[in-house]
Trainee: 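First, the structure itself, so that you have it in front of you.
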Amino acid sequence: MCSDFQFQEGVQTCTFVTSTNDIYLSYTLKGFLQESLTIQAMGVMQLPIVVSSLVKIKAGMKIDTIIIKPTKKTPILLRMIVLVFAMVCGVFMCSVCLKQTSIHSKIKFQDIQVVVRLSPDDENENMQISRVHYPNPETFSRAECEHNPVRYFAILSMQRSGSGWFETLLNSHVNVSSNGEIFSVLDRRRNISSITKTLDKVYNLDWFSSASKNECSAAVGFKWMLNQGLMQHHKEISDYFNRRGVFAIFLFRRNLLRRMVSVLANSYDRHAKLLNGTHKSHVHSTEEAKTLAKYKPMINSTLLISDLKEIEITATKALEYFNSTRHIVLYYEDLIKNPAKLKDVQAFLGLPLMELMSRQVKIHKGPLSEHVKNWEDLNKTLNGTAYESFLQADY
C-alpha cells in the first residue's frame with residue numbers, strides 16, 4: 001500500500017501507487033496523534049484526514065503525495081486578550097447608553113427633603129469636617145458673640161425661581177445673614193481663584209450688605225445662580241463646600257413655563273422700566289405688581305419644548321455635581337402652598353425656630369393664559385406632552 005516514509009525539510013511524506021477502484025488508508029503514526037493530514041490529488045485537490053482515521057478515496061484519482069501538517073492552534077493568551085477586549089467594549093457601550101438615557105430623563109419633582117446619602121467611609125471622613133464655625137473677621141470684633149457657632153450656606157438656584165423671595169424669608173430670621181446674589185458681578189467669578197477669595201470673605205463675616213447681622217449671626221450665606229460660574233467650576237466649588245462644611249440649599253421651580261414668563265417679563269422691564277422709569281425685579285405692593293403684570297410676553301412655541309428640556313437637564317446636572325455635599329432640595333410651589341415647610345429649612349441650618357416673613361408681592365397671579373400673548377400657540381404645543389400640566393398650575 002505505502003512505501004517507507006521519506007523525510008523532507010519541514011514536511012513528512014508517504015508516496016504510494018494504487019490501481020484498485022477504492023483505496024482505504026489508515027495511519028497510526030507515533031507522535032502524530034490528533035494531528036491532521038492533507039492528501040494532495042493531482043497537485044490540485046486537497047482533502048484533510050486525521051491520523052488514525054479511515055478515509056475513502058474515490059477511484060480514478062491519482063494520488064501522488066500525502067503531506068502531514070500539524071493543525072494551527074491559536075495561543076491561549078491571544079484568546080484571552082480578545083475575550084477581555086470584547087468584554088471591555090461591551091461594558092463601555094452599555095455605560096454610554098445608560099448615561100445618555102439618564103441625561104435626557106425628566107426631573108422627578110419631589111417633596112422637600114434633606115438629600116444626603118453617605119457611605120460609612122464618607123461618614124467617618126465627614127465627621128472630621130466641622131459643620132459649625134467660629135469666624136474671626138478682620139473688619140470687626142464679634143465681641144460677646146465670638147463663642148457663638150456659625151453655619152455656612154449657599155442658596156443654589158436659577159433666575160426667577162423664587163430665590164429672591166426665599167432669601168427675604170431667611171433674612172427675616174434674627175440670626176441669618178444672606179447677602180444676595182454676590183456672583184452677579186463678573187470679576188468675582190472670573191476664575192476659581194476669584195471665586196474662592198469671595199467665598200472666604202463672605203464666610204469670614206467680612207462681607208457687608210444690608211442683610212449682614214455681623215456679630216451674632218448663626219448662619220451666613222448668599223444666593224448663587226447656576227449660570228454664574230457655579231456649573232463651570234462645579235468640581236472645585238463642591239470640594240470647597242465639603243472642605244469648609246457649607247450647606248447647599250437647592251431651590252427650583254416645578255412650573256418651568258411660569259418661570260419662563262417671569263424671565264421674559266423681567267428682561268423686558270430692564271429696558272422699558274415700567275415703574276416710573278425704574279426697573280424692579282421684585283416689588284412690595286399690589287399696585288406695582290399689577291403694573292408689571294400688564295406686559296404679556298410672546299413665547300417661541302417652536303423652541304418651547306426643547307427650551308424646557310434644557311432647563312431640566314441643567315437642574316439635573318447641578319444636583320449630580322453637588323450630590324456629595326450636605327444639601328436640601330426645595331421647590332417654590334411647595335413653599336407657597338405649605339409655609340410650614342420653612343421649619344425644615346431652619347432645622348437644616350440648625351436655627352432656633354421663628355416665623356419667617358417677606359414683604360415681597362407676587363407679580364404674575366392667576367391663570368397663566370392671562371399673562372402670555374400667544375397662549376393658543378402654547379396650548380397646542382404642550383397639550384399631550386409631559387409638560388401639559390404647566391398650562392393649568394397656578395404657581
Side-chain angles (χ1 to χ4, degrees), residues 109-110 112-116 131 133 150-173 175-185 188-189 195 198-203 205 207 209-213 217-234 237-238 240-242 244-254 259 262-263 266 281-282 311 314-319 321-336 339 341-351 354 356-358 360:
F109 294 127
Q110 52 190 338
I112 179 173
Q113 59 182 317
V114 178
V115 189
V116 185
R131 297 296 178 184
H133 313 271
V150 178
R151 281 182 170 83
Y152 302 155
F153 70 88
I155 305 168
L156 311 183
S157 186
M158 298 182 183
Q159 285 83 355
R160 314 309 296 177
S161 295
S163 60
W165 167 75
F166 176 71
E167 189 177 42
T168 61
L169 288 170
L170 286 184
N171 278 325
S172 69
H173 195 290
N175 297 122
V176 177
S177 298
S178 190
N179 294 284
E181 204 170 313
I182 62 176
F183 285 109
S184 60
V185 178
R188 297 171 187 165
R189 64 174 195 268
I195 289 174
T198 302
L199 291 175
D200 287 342
K201 189 173 182 179
V202 171
Y203 294 135
L205 302 184
W207 190 274
S209 70
S210 59
S212 300
K213 298 183 175 66
S217 293
V220 60
F222 60 97
K223 64 175 183 173
W224 199 345
M225 301 297 103
L226 301 187
N227 62 353
Q228 294 175 348
L230 187 67
M231 303 292 279
Q232 181 181 356
H233 302 286
H234 66 87
I237 296 169
S238 177
Y240 181 96
F241 281 9
N242 285 324
R244 297 295 306 273
V246 178
F247 291 66
I249 302 174
F250 284 98
L251 177 62
F252 295 126
R253 196 163 182 170
R254 293 184 186 277
R259 175 186 175 272
S262 184
V263 168
N266 186 64
S281 295
H282 308 99
I311 297 171
T314 300
T316 301
K317 285 183 178 179
L319 291 173
Y321 291 160
F322 293 90
N323 187 51
S324 65
T325 65
R326 184 171 182 82
H327 62 276
I328 188 172
V329 182
L330 309 175
Y331 293 97
Y332 170 75
E333 290 85 351
D334 297 343
L335 297 175
I336 288 287
K341 287 186 176 291
L342 291 172
K343 294 180 180 179
D344 295 338
V345 181
Q346 296 179 71
F348 177 67
L349 294 176
L351 298 170
M354 289 184 60
L356 307 182
M357 304 180 68
S358 174
Q360 283 192 13

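Only this structure's heavy atoms are used, side chains among them; waters, hydrogens and symmetry mates stay out.
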Trainee: Could you label the plane-to-plane angle of the F222 and Y203 rings as parallel, tilted or perpendicular, counting under 30° as parallel and over 60° as perpendicular?
Mentor: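 F222 vs Y203 ring planes: tilted.
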Trainee: Suppose we screen for ring pair (Phe, Tyr, Trp, His ring centres under 6.0 Å). Which residues come up paired with Y321, at least two apart in sequence or across chains?
Mentor: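 Here the qualifying residues are H234.
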Trainee: Which pair of heavy atoms, one from N171 and one from V176, lies closest together, and at what distance?
Mentor: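 Reported closest heavy-atom pair: OD1-O, 3.5 Å.
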Trainee: With a 6.0 Å cut-off on the ring centroids, do H327 and F322 count as close?
Mentor: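 H327 vs F322: aromatic centres not under 6.0 Å.
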Trainee: Give me the atom names and distance for the closest heavy-atom approach of V345 to I249.
Mentor: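 Closest pair (atom of V345, atom of I249, distance): CG1-CD1, 4.4 Å.
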Trainee: I'd like to know if the side chain of Q159 reaches the main chain of V263, judged simply by a donor and an acceptor atom lying under 3.5 Å from each other, with no hydrogens or angles considered.
Mentor: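 Not at all, since once roles are kept as given, no pair shorter than 3.5 Å links the two residues.
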Trainee: Compare every heavy atom of S217 with every heavy atom of V150, then report the nearest pair and how far apart it is.
Mentor: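 In this case the closest contact between V150 and S217 is CG2-O, 3.1 Å.
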Trainee: Considering the options F153, F348, Y152, which one meets the ring pair (Phe, Tyr, Trp, His ring centres under 6.0 Å) requirement together with F247?
Mentor: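 Among F153, F348, Y152, the one that satisfies the ring pair (Phe, Tyr, Trp, His ring centres under 6.0 Å) with F247 is F348.
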Trainee: Using 0.5 Å steps for rounding, measure from the CD atom of Q232 to the CD1 atom of I195.
Mentor: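 These two atoms lie 7.5 Å from each other.
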Trainee: Please find the pair of heavy atoms, one from L156 and one from A248, that lie closest to each other, and give the distance.
Mentor: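 Reported closest heavy-atom pair: CD1-CB, 4.0 Å.
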Trainee: Q360: what forms a side chain to side chain contact (heavy atoms under 4.5 Å, CB included) with it, not counting sequence neighbours?
Mentor: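 Here the qualifying residues are W165, T168, H282, H284, S358.
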Trainee: Where is the tightest heavy-atom contact between L226 and M231, given as atom of each residue plus distance?
Mentor: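 Of all heavy-atom pairs spanning L226 and M231, the closest is O-CG, 3.1 Å.
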Trainee: Quick one: list whatever passes side-chain hydrogen bond (donor to acceptor under 3.5 Å, both in side chains) with R160, sequence neighbours left out.
Mentor: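 side-chain hydrogen bond (donor to acceptor under 3.5 Å, both in side chains) list for R160, sorted by chain: S262.
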Trainee: With a 3.5 Å distance limit and no angle check, can you tell me whether S178 reaches the backbone of E167 through a side-chain donor-acceptor pair?
Mentor: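 Flag not set: sc S178 to bb E167 has no pair under 3.5 Å.
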Trainee: Taking R259 for its side chain and R254 for its backbone only, find out whether a donor-acceptor pair lies under 3.5 Å.
Mentor: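 Answer holds: no.
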Trainee: Taking all heavy atoms of L351 and all of A218, pick out the closest pair and write down the distance.
Mentor: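 Closest approach of L351 to A218, heavy atoms only: CD2-CB, 3.9 Å.
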Trainee: Atom OG in S161, atom CG in L330: separation rounded to 0.5 Å?
Mentor: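 The distance works out to 12.0 Å.
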Trainee: Ignoring hydrogens and angles, tell me if any N or O in the side chain of R253 forms a donor-acceptor pair with the backbone of G162 under 3.5 Å.
Mentor: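 Checked: no pair found.
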Trainee: Which value, rounded to the nearest 0.5 Å, describes the distance between M225 atom CE and I182 atom CD1?
Mentor: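 Result: 11.0 Å between the selected atoms.
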